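Since this is a predicted model, take the numbers as computed values, not measurements. Note that the numbering runs from 1 along the sequence shown for the chain.
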Amino acid sequence: AIWPQDLSAAGNLVGAYVLKGDLSRALELERALGAKHPKSVNHRTNLAQLFIFNGDPEEGARRVNALLQELPHPGEVTFVYGAVADLLLGRESDARAKYERLQALAPSLAARGFADLAMAQGRWTDAASLLEAAIKADIASKDEGGAAAEWAMLAQARLARGDRAGASSA
């Protein structure tokens with residue numbers, strides 16, 4: 001298929017704009033795609049993400065919340081984008097509620113979200129405890145990607161506490 005009729009190619013172009021740092025152009029194209037494909041969950045999620053990236057977390061949160069209400073099984077990243085938007089808007093309890101819902105779908109990703117929140121609040125020991133437990137669970141379930149992400153976050157938490165040796169061992 002040929003762009004612009006090829007939805008996959010159009011989505012890739014949005015991604016290229018994001019990687020290039022041209023977020024306003026990415027948002028413009030994603031809006032056009034969303035108008036042409038209003039039932040596309042991927043494009044609706046991407047549009048929410050791009051509103052957040054473009055400095056409009058209120059609109060991003062509104063769109064995420066609509067997806068979470070409409071869809072019986074929203075994508076995992078939908079919860080993450082919603083939590084990020086909520087945190088940017090100072091709604092920590094709403095962000096926590098999204099991570100709690102995510103925990104049933106993707107415990108490893110939810111653990112990283114909770115740990116990220118703890119790190120943002122300077123609660124490095126809490127973050128490290130969450131990450132250490134998540135690493136054990138990911139190793140047991142053979143989720144190497146999740147464990148790798150958590151090891152990197154654990155190194156950051158340990159370094160922030162002044163534990164250089166612990167950060168190096170992570």
Name every donor-acceptor pair, under 3.5 Å, that has one atom in a side chain of residues 151-160 and the other anywhere in the protein, sequence neighbours excluded.
from, atom 1, to, atom 2, distance (Å)
R158, NH1, G166, O, 2.9
R158, NH1, S169, OG, 3.4
R158, NH2, E132, OE2, 3.2

Mark yes when over 12 heavy atoms from residues, nucleotides or ligands other than R123 sit less than 6.0 Å from its CZ; otherwise mark no. yes
Contacts of [X] that satisfy side chain to side chain contact (heavy atoms under 4.5 Å, CB included) - sequence neighbours left out:
{"X": "P107", "result": "none"}
{"X": "N54", "result": "L23, S24, L27, L50"}
{"X": "R62", "result": "E59"}
{"X": "L88", "result": "I52, P57, V84"}

Applying ring pair (Phe, Tyr, Trp, His ring centres under 6.0 Å) to Y99 and not counting sequence neighbours gives F114
Checking salt bridge (charged side-chain N to carboxylate O under 4.0 Å, His left out) for the pair K39/E70: CA distance, chi angles, key distance, verdict?
-> CA-CA 11 Å; K39 293 188 180 194; E70 293 171 28; over 6 Å; no
Which of N46, D56, V64 passes side-chain contact (heavy atoms from CB on, under 4.5 Å) with F51? Answer is D56
CH2 of W124 to CZ of R161, rounded to nearest 0.5 Å, is 10.0 Å
Here the gap from E30 atom CD to T45 atom OG1, rounded to the nearest 0.5 Å, amounts to 9.5 Å
_Pair R101 + E76: basic N to acidic O under 4.0 Å_ = no
message = Between E58 and R91, does any NZ, NE, NH1 or NH2 come within less than 4.0 Å of an OD or OE carboxylate oxygen?
response = yes
Note to self: Please tell me whether S168 and R164 have a donor and an acceptor in their side chains that are separated by less than 3.5 angstrom.
What the structure shows: no
Donor on one side chain, acceptor on other, Q121 and E92, under 3.5 Å: yes
Are K98 and N65 close enough, and set up right, to give a side chain to side chain contact (heavy atoms under 4.5 Å, CB included), and what steps lead you there? CA-CA 10 Å; K98 286 181 178 68; N65 289 333; 3.1 Å; yes
*Would a distance-only check, ignoring hydrogens and angles, find a side-chain to backbone donor-acceptor pair under 3.5 Å from S129 to T125?*
yes
